[in-house]
Every structure is written in C-alpha cells, then in structure tokens.
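Only one structure is covered here, and it is reproduced in the block below.
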Amino acid sequence: MARATLRIFLGAAPGVGKTYAMLEEAHRLMGRGEDAVVAFAMDHGRSDTRALTQGLESIPARTVQYRGTAFEEMDLDAVLARRPHTAVVDEYAHTNIPGSRNEKRWQDIEELLEAGINVLSTVNVQHLASLGDVVLAITEVRQAETVPDDVVRRADQIHLVDISPELLRQRLGDGKIYAADKVDAALSNYFRLGNLTALRELALLWLADRVDEGLAKYREENHIEASWPTRERIVIGLTGGPEGEVLIRRAARILKRVNGGDLLAVHVRAADGISGESPQHLESQRHLVRDLGGSYHTVAGEDPAQALLDFARSVNATQIVVGVSRHRTLAGRLIGAGVGNKVVRESGDIDVHMVSHPLGGQGVDRPRRGELGRVRVVVGFGLAVVLPVLLQLVLAASPSHNIATAVLVQLTGSVAVALVGGLWPALLGAVWSSLLVNYFSTPPVGNLTISDPQNLLALLVFVGVSAAVAAVVDISARRSKEATRARAEAATMADLTRGATDAEDTVNGLLAQALDVFQMHGAALLTTDNGGDPDQDWRLVAKAGDIAAVSAEGNDRPSGGETTEQIDNRTRLILYGRTLPASDRRLLGAFGSHLAAQLERRQLAASRREVMRLAESNIMRTSILRAVSHDLRTPLAGIKLAVGGLKQHDVHYTPDEEQDLLTTIDECSDRLDVLVGNLLDMSRITSDSVNALIKPVRWHEVIPAALRGVPSGTVRVDLPANLPAIDADAGMLERVIANIAENAVKYAPGSDIVIVASGGGLSTTSLDGRPSGELRIIDHGQGVPADGVVRMFQPFQRLDDVPASTGVGLGLAVAKGFAEAMGGTLTAEATPGGGLTMVIRMPLSTGAPLEREAPQAPMEAQSLLLHSTHRSPLGHRRGGQ
C-alpha cells in the first residue's frame with residue numbers, strides 16, 4: 001500500500017491559529033466530498049476553535065489513567081479501524097501518556113500514513129529539535145516535547161500559519177488564547193514582543209531552508225547547473241594568502257545590503273601541491289567567516305578557477321568574490337589570464353566581484369610545480385622540432401666546424417628540450433638532432449651515410465645522453481608531483497581533523513568535511529554485527545548530505561554509492577556523487593582511519609560513562625546497605641523490645657507504662673517508615689527514574705498538606721494574594737516543603753519559622769532558566785556554616801556529626817533531587833540576624849499541562865513514588881535526613 005500524504009501546519013507560537021487553519025482545511029476537504037474526520041483536536045478552551053469542530057465527525061479519544069489522573073489520548077486503533085481518507089491529528093510533537101503504544105504522537109501518525117490515511121497535523125517552531133537551544137536563549141524556556149527536524153521535513157506539505165506579534169499579543173490580551181488569570185504572566189514572559197518577533201523569524205527561516213532543500217533536489221534531479229537566484233549566496237575564493245580577510249569582510253558588507261543570505265568561503269587547494277598557502281592565514285580566515293555567520297569549505301582541484309566555479313554552481317551561488325591577481329602585470333601576461341579573469345569569463349549568470357587589495361600586483365613567489373603539465377609537453381614537442389633546425393642554422397653560419405662541435409651544440413638543445421617537455425619530446429628532439437648532424441656534419445655530407453665508425457659512436461652517445469637526461473627530468477617531475485600531492489593530502493587531513501574537532505559530533509563533522517574535500521553530495525557510515533557479510537543487515541551510524549539510497553531506519557545495506565571504502569570487517573564508508581579517481585584513494589583510506597579512530601573514541605566514551613554510572617550506583621548501594629545495617633536496626637530493636645514486653649503475661653504494666661510502650665512502637669514505626677521512604681526516593685533519584693507529572697499548581701494548595709507533620713503553631717505562613725501558578729508535581733512539591741519544614745522545626749526549636757512566597761520574574765529563574773515563583777522557609781536558629789551548605793545537600797551527610805539515631809542523612813538530598821526533577825531549584829541562604837533560609841524556585845506556569853516532563857520512570861518506580869509523595873514525612877532533619 002502506498003504511503004499517504006502528511007500536511008503540517010507550522011506556527012511560531014501558541015495561539016497563531018494552527019488548529020483553526022487545520023480544521024478549516026478539513027471543512028474544505030469535506031466540502032469537496034472527501035471523508036475527513038477529527039481523530040484528535042485540542043481547542044484549548046477557545047470558542048472559535050471549538051465551533052469549527054462542529055460538523056466534522058470526531059472519533060472519541062481514549063482515556064488513560066496515570067497517577068490517579070485521567071488523560072485523553074488519540075485512539076489509534078479506532079482511527080485505523082475507521083480508515084477515513086483524511087484524519088485531523090493535533091499536536092504533532094506531543095508526548096503520549098506512559099502505557100501508550102508509541103512514545104510520541106508523530107509515531108502514531110506514521111502508522112496512519114503507512115495505512116494509507118492522509119493526515120493533517122500542527123507543530124510550533126519551538127518544538128523542532130534543532131532549534132531547542134535557540135528557543136531557550138530567546139524565551140528562557142526549555143521545551144521538553146520536541147520532534148526531530150528530519151521527521152518534519154519528510155512532510156509532503158508544510159503550511160506556515162503566521163500573524164504579526166502585535167496581533168498575537170492582542171489576541172492574548174482579549175482572552176482568546178489563555179484564561180484571564182494567566183494573561184498577565186504570559187504577556188510579561190513568553191509572549192513578550194521581542195520573543196514573538198524572534199520566534200516568527202525562526203519559523204520563516206526554517207521553512208525557507210526546507211524550501212531551499214526541495215529546490216536543490218529538483219535542480220539535481222533535472223541536471224540544472226545554471227544558478228537560480230532565489231536566495232542570495234555569496235562564495236568567496238580564498239588563496240591562503242593574507243588578502244583573504246579583505247575579501248571576507250567585503251563579501252559580508254555586500255550580503256548586509258540584501259538583508260539576508262548565505263556566506264560561503266571556499267579555499268581551493270591544488271591537487272598537486274599546497275601552492276604557497278599559509279595555514280595561519282587560513283585558520284584566522286576560517287574563524288572570521290564563522291564569526292560573521294558564514295561557513296568555511298575546502299575543495300581540491302587541478303584548475304582552481306574551474307573548481308571554484310563548480311562549487312559555486314553546486315550551492316546555487318548568486319555572487320562570487322575573488323581578489324585581483326598578486327602577479328605583476330608582465331608576469332601575469334606570461335603565465336596566462338589568471339584565476340580571477342577565468343572566473344569572470346566562465347561564470348555565466350553568476351555575478352563576480354574582483355576586489356582590489358594591498359597585495360594586488362605586488363608579485364608572489366610560487367613554489368615550483370612538480371608536474372610537467374600539458375602545456376609544457378606541447379611546448380617541448382614544438383621545441384624538439386624547431387630548436388634543432390635553428391641550432392643547425394647557427395652551425396651552418398660558422399666558418400668551420402667539426403662533428404664534435406655539432407654534437408655538443410645539438411646536445412645542448414636536446415637537454416633544453418628535456419628540461420622543458422620531459423621524456424618524449426626529448427627523445428624526438430634527440431632523434432631529429434642526430435639526423436641533422438648526420439646529414440650536415442658527418443662525412444659524406446649531404447646524405448645519411450656514415451663512413452667513419454667513430455662518428456656513428458658519437459651519434460649513438462649523443463642520442464643516449466639526450467634520452468638519459470630526459471628520463472632523469474621525467475622521474476624527477478613524477479617524484480616531485482608525488483611529494484607535493486602528499487603535502488596536499490597531509491594539509492587536507494589536518495583541515496579535516498581540525499574541522500571535526502570543532503564539531504559537536506566528530507564523526508558527523510568528518511563526514512561533512514568529506515563532502516567538500518571529495519566533491520560528493522552525500523556520505524554514509526554503516527556498520528554491521530555480522531562480520532561484514534554483504535547479505536547481512538547494515539546499520540547507519542552517521543550521515544551527511546543527501547543519501548537517498550540509505551535510510552536511517554536500520555536494516556540497510558551499503559549499496560547505491562559510487563565509492564565504497566571498507567574501513568574494517570564491520571564498517572564501511574560510502575560516498576555518493578561521483579566515482580573517486582584512484583589518485584584520491586590514499587587520502588580516502590587515511591580519512592577512513594580517522595573515522596575508525598573516532599568511532600572507537602565514541603565507544604570508549606560510552607563505556608566510560610557506563611563505568612562511572614555503575615561506580616556511582618555502587619557507592620549509593622554501599623551507603624544504603626550501611627544505613628540499613630545500622631540506622632534501621634535501632635527502630636526495629638525498639639519495636640521488638642516494646643512488643644516483647646507487652647507479650648509477657650507474667651509481667652503486669654500500669655496503664656501509663658503500657659501507653660509508653662505503645663508510644664515507643666508508634667514512634668519507631670513512624671521513624672522506620674520515613675527512613676525506608678527516603679532510601680527508596682534517593683535510590684530512584686540517583687538512578688534517574690524520578691518522573692514528575694507537571695501541571696499548574698499554586699503554593700497555597702500544597703503548603704497545608706506539607707505542614708501536617710509539624711506541631712500546630714510552630715510554622716507561620718504568610719502568602720500574598722493572587723500569586724501566579726507554577727509548573728510542578730503537587731505530590732513531589734509537598735514532599736520538598738515537608739522535609740524542609742520538619743528540619744526547621746527540629747533544629748531551630750522555639751524560633752520564629754515563617755513561610756513566604758513571591759511571584760518571581762525574569763530576575764528569578766528556575767533550573768531551566770524560565771521565570772520562576774519563589775518560596776522561602778525562614779528560621780532563626782543556629783544556622784549552617786558557609787562551608788557546610790554544599791555538603792548538607794549530599795546524601796548520607798549529617799551536619800555537626802549529629803547521632804545516627806535521628807536519620808540516615810537523606811532529607812535535603814531527596815528534597816533537592818525532587819525540586820530539580822520538576823525543573824526547579826533548592827538553595828540555602830543565611831537568614832539576616834542568624835538562622836537559615838531555604839529557597840525553593842519553580843518555573844511559572846504557562847497554562848499547558850505536561851509541557852515539561854522529566855524522563856519516564858518504570859511502572860514499579862511510579863507506584864513507589866505515588867506512595868512516598870502522598871504521605872506526611874516525619875523526622876526529617878537539616879543536613880539531609
């Protein structure tokens with residue numbers, strides 16, 4: 001069955017009208033007679049959007065119970081059973097509730113597409129994975145729900161739903177996006193005018209890049225080499241000299257005039273040598289290009305001008321910037337038109353800027369080329385024909401000469417031909433010269449007969465010396481060429497290594513550099529677990545560029561590429577674009593060795609992280625066992641002694657004594673319950689299995705339950721009215737506040753303990769950088785020394801060597817772990833006048849439940865978390881109970 005089509009409605013921010021536009025399109029399709037149904041759509045409380053769902057068939061959502069709360073998710077099986085022509089599925093990047101068939105909603109949509117059902121969906125630009133860091137820097141909000149860019153780019157159509165930031169803020173102020181009580185916080189935080197403008201630009205640029213990719217693919221499929229100036233792209237030709245900085249800055253100024261475009265600097269390295277380039281200048285120019293927002297590339301080519309033009313056409317460049325020749329005028333005439341003039345002559349519809357610079361026409365010292373090029377060979381053949389005749393004319397003008405003189409003069413000419421043209425022109429010149437000497441200088445003169453054997457020997461020696469000199473020149477040229485090629489390969493590998501080191505992923509960085517070096521359009525690195533058997537399945541490790549023959553879904557085979565390099569029995573590198581010549585195979589082999597080393601480095605890094613994780617877990621297990629063996633034994637012994645005393649029938653206790661024994665049992669049981677709960681919580685925190693169910697919460701909703709374990713009247717709560725909601729897990733937040741309050745009551749007895757809160761703002765941020773609300777629990781006890789603040793949050797730490805009978809030292813460690821799992825922070829400050837102030841910061845709510853979700857925990861851990869976060873903790877103490 002053919003895969004159906006996916007259409008995505010892309011927006012810059014919530015409220016721009018993505019769902020509205022999607023439902024309008026569903027009505028339009030239904031009006032054309034197509035079977036369109038609503039598989040899942042969120043109206044977010046907006047009446048206009050809700051009205052559009054009327055008249056469309058809706059498939060009821062399925063209800064999922066998670067941690068005692070009911071959630072609605074798309075009923076994937078019901079949609080597949082209904083099999084409509086088009087399904088409306090909102091929120092493409094949504095994370096499904098644990099227990100669903102797929103982790104992400106886009107994976108549900110993939111099943112619908114494979115079943116032949118067309119899908120309409122929506123996504124915001126902040127949910128694109130590649131833009132996560134950019135969105136965080138702009139909005140100070142980290143998006144937990146993301147979707148890979150490649151998945152979105154595979155959509156058949158992407159519709160941009162766009163409105164101006166001013167209109168979006170007006171819609172928000174009118175209550176058309178969020179509830180009235182959330183409008184002020186949203187306008188002053190996420191929906192600031194600058195944020196919305198930047199997000200809008202991100203959406204436009206991302207969509208423009210996607211359109212550009214489609215255009216490049218179309219041009220390649222249709223073999224269109226002419227540049228289409230759809231977007232300004234300026235290519236800078238760098239020679240490796242100091243004038244490159246002038247060219248880069250000039251190109252950047254040109255690009256600024258058009259308000260957007262791409263800046264690409266390319267250094268063309270000659271295939272037979274490094275041509276006098278300066279690594280220091282190239283490195284500084286590389287950094288300058290990147291600072292100006294451009295990209296740096298290195299390509300190799302026999303003809304620098306042609307290589308530069310080929311690169312410019314491959315990226316659909318609109319302008320080329322090159323410098324005027326550094327050769328002096330006379331030298332320029334002698335060696336030809338020059339690179340710049342050739343680029344101008346053959347650029348076609350690409351505009352070329354010839355930029356003057358201080359070194360123009362000042363002369364340049366080029367290293368001698370090690371290859372006898374075609375021009376020299378042709379000139380050599382010409383000299384081999386003409387020069388012997390000219391020398392013979394000179395000899396004829398001489399009043400008297402003998403055969404020795406003629407041989408020496410012609411030998412000089414043969415050596416000159418060998419130095420210019422190499423072996424074959426020199427052999428031709430030697431044979432031609434010998435014939436002339438024989439005819440004009442060897443008796444009998446006027447014919448090719450040789451009467452004296454000594455003259456025959458002289459002519460043979462003459463031909464032999466000429467051939468020997470030509471052979472030496474030719475061998476020297478080949479060896480010089482090999483040496484210069486080796487230098488060029490070494491310089492290229494240095495560039496590759498440096499470029500890969502700058503990249504976040506060195507393997508992907510090397511592959512990206514390979515596209516420039518070998519002039520390919522795609523590279524793929526594949527590995528297998530079956531010893532390289534071609535009939536076995538291959539797995540894609542990394543890729544760069546366009547590799548249509550290999551997908552990232554696994555079970556791939558290394559086929560379809562023009563060049564394949566077997567790195568080892570289990571790893572292969574495939575290049576797409578052209579068949580690599582044999583002369584580049586050595587460089588490709590060295591490149592493969594670098595990739596193998598980077599793969600091994602990646603494996604070692606993963607092993608190191610695993611070893612460190614196991615070591616930390618082992619330390620935690622050892623500490624837990626120590627706590628179990630000592631701290632848990634004390635309350636168990638107290639319970640056993642009290643129960644044993646009550647069971648003795650021959651001993652009679654007074655009512656007060658019995659009550660004391662029962663009180664002991666109750667206190668020891670409470671203490672044992674708290675110790676076990678803290679141990680379980682700390683174990684889950686260190687194993688990254690804490691999962692926070694984030695939703696809007698207000699401080700006054702959790703504080704009363706958190707203070708049930710403290711004596712009445714010991715803690716005073718002073719909360720201002722109309723505090724904004726925060727994003728948190730209510731049960732976990734209750735646990736955090738309870739731990740801190742119990743510590744304050746226990747270790748600052750009799751002092752004034754007060755809980756105060758504030759709305760926070762941009763100057764107060766949570767763990768992920770978002771504006772946050774702040775809760776302070778203030779006591780006026782003995783306080784904590786400055787050097788003990790960090791240590792008191794660590795597991796199994798007891799400040800001032802407090803006896804172990806009061807706990808295992810986990811209370812604050814658990815509180816800090818829970819706070820960070822919810823995206824908040826827990827810090828300690830000194831109270832003015834003495835004492836300790838614990839500060840809890842949690843991100844302000846944007847009104848969207850499950851907008852930030854911590855990593856998923858196993859089901860058994862979830863049940864433990866439910867148990868531990870819905871009871872009143874007792875006996876928690878400062879320093880980590």
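Numbering starts at 1 and runs along the sequence shown.
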Quick one: closest heavy-atom pair of I177 and G15, and the distance?
CD1-CA, 3.8 Å
Quick check for you: to the nearest 0.5 Å, what is the distance between I158 atom CD1 and S121 atom OG?
11.0 Å
Please identify each residue that fulfils side-chain hydrogen bond (donor to acceptor under 3.5 Å, both in side chains) with D75, with sequence neighbours left out.
none
Hey, could you give me the CD/OG1 distance between Q157 and T5, rounded to the nearest 0.5 Å?
7.0 Å
Do L526 and I574 have side-chain heavy atoms sitting under 4.5 Å apart?
yes
Donor on one side chain, acceptor on other, R62 and S100, under 3.5 Å:
yes
Beyond-backbone contact of L160 with L204, side-chain heavy atoms, under 4.5 angstrom:
yes
Have K18 and N124 got a donor and an acceptor in their side chains that come within less than 3.5 Å?
yes
Go through the steps for V315 and D262 under the test side chain to side chain contact (heavy atoms under 4.5 Å, CB included), then give the verdict.
CA-CA 10 Å; V315 298; D262 298 327; over 6 Å; no
Given L76 and R101, is the side chain to side chain contact (heavy atoms under 4.5 Å, CB included) satisfied, shown in steps?
CA-CA 9 Å; L76 179 58; R101 181 190 307 177; 3.4 Å; yes
Are E73 and R105 within salt-bridge range, i.e. N to O under 4.0 Å?
yes
For L112 and L80, what are the C-alpha separation, side-chain angles and deciding distance, and is it a side chain to side chain contact (heavy atoms under 4.5 Å, CB included)?
CA-CA 7 Å; L112 297 179; L80 291 172; 3.6 Å; yes
Shortest non-hydrogen separation from A265 to V289 and the atoms involved
CB-CG2, 3.5 Å
Listed by chain and number, what are the side-chain contact (heavy atoms from CB on, under 4.5 Å) partners of A606, not counting sequence neighbours?
R609
Taking C-beta and beyond as the side chain, do L6 and I109 meet within less than 4.5 Å on heavy atoms?
yes
Looking at residues at least two apart in the chain, or sitting in another chain, which of them share a side-chain contact (heavy atoms from CB on, under 4.5 Å) with A129?
T146, D149
Measure the CG-NZ distance between L168 and K176 for me, rounded to the nearest 0.5 Å.
11.5 Å
Within 6.0 angstrom of E201 CD, more than 12 heavy atoms from elsewhere:
no
For R28, the side-chain contact (heavy atoms from CB on, under 4.5 Å) test, sequence neighbours excluded, returns R7, E25, R32
Restricting to side-chain hydrogen bond (donor to acceptor under 3.5 Å, both in side chains), what partner residues turn up for Y20, sequence neighbours left out?
none
Any residue meeting ring pair (Phe, Tyr, Trp, His ring centres under 6.0 Å) with F311, in chain and number order, not counting sequence neighbours:
H297
By salt bridge (Lys or Arg N to Asp or Glu O under 4.0 Å) - contacts of R46 (at least two apart):
none
Please enumerate all residues that pass salt bridge (Lys or Arg N to Asp or Glu O under 4.0 Å) together with R50, with sequence neighbours excluded.
D43
Residues in salt bridge (Lys or Arg N to Asp or Glu O under 4.0 Å) contact with D35, at least two apart in sequence or another chain
R82
What's the shortest heavy-atom distance between A36 and L56, and which atoms?
O-CD2, 4.5 Å
Taken to the nearest 0.5 Å, the spacing of L207 CG from L202 CG works out to 12.5 Å
Which pairs with one or both residues in residues 149-168 pass ring-ring contact (aromatic ring centres under 6.0 Å, His included), sequence neighbours excluded?
F9-H159
Contacts under 3.5 angstrom, residues 85-92 side chains, donor-acceptor by atom type, not counting sequence neighbours:
unit_1: H85; atom_1: ND1; unit_2: E34; atom_2: OE1; d: 3.4
unit_1: D90; atom_1: OD1; unit_2: T19; atom_2: OG1; d: 3.3
unit_1: D90; atom_1: OD1; unit_2: T122; atom_2: OG1; d: 2.4
unit_1: D90; atom_1: OD2; unit_2: T19; atom_2: OG1; d: 3.0
unit_1: D90; atom_1: OD2; unit_2: M42; atom_2: N; d: 3.2
unit_1: E91; atom_1: OE2; unit_2: H44; atom_2: NE2; d: 3.4

A side-chain contact here means heavy atoms from C-beta on lying under 4.5 Å apart; do K104 and P148 qualify?
no
Below 4.5 Å, heavy atoms only, C-beta onward: do V79 and D108 meet side chain to side chain?
no
If every non-hydrogen atom of N195 is compared with every non-hydrogen atom of I138, which pair is closest and at what distance?
OD1-O, 3.1 Å
Does any non-hydrogen side-chain atom of T298 lie less than 4.5 Å from one of V266?
no
Cation-pi between R169 and F191: NZ/CZ under 6.0 Å from ring centre and within 45° of the ring axis?
no
Evaluate the side-chain proximity of Y190 to P14: yes if any heavy-atom separation is below 4.5 Å, no if none is.
yes
Kindly say whether E103 contributes a backbone atom to a donor-acceptor pair with the side chain of Q107 at under 3.5 angstrom?
yes
Going from CD1 on I350 to OG1 on T318, what distance comes out if it is rounded to the nearest 0.5 angstrom?
8.5 Å
Please give me the minimum heavy-atom distance between D156 and A4, naming the atom from each residue.
OD2-O, 3.9 Å
Looking only at atom types and distance, does a side-chain atom of R233 sit under 3.5 Å from a main-chain N or O of Q319, one as donor and one as acceptor?
no
Spatial distance of atom CG (L575) from atom CG (L525) [nearest 0.5 Å]:
10.5 Å
Which is it for L131 and L128 under the side chain to side chain contact (heavy atoms under 4.5 Å, CB included) test, yes or no, and what are the steps along the way?
CA-CA 6 Å; L131 301 179; L128 297 172; 4.0 Å; yes
State which residues pass salt bridge (Lys or Arg N to Asp or Glu O under 4.0 Å) with D162; sequence neighbours excluded, sorted by chain then number.
R200
Taking all non-hydrogen atoms of both residues into account, name the closest pair between A26 and L120 and its distance.
N-CD1, 4.2 Å
Side-chain donor-acceptor pair under 3.5 Å between N102 and E110, yes or no?
no
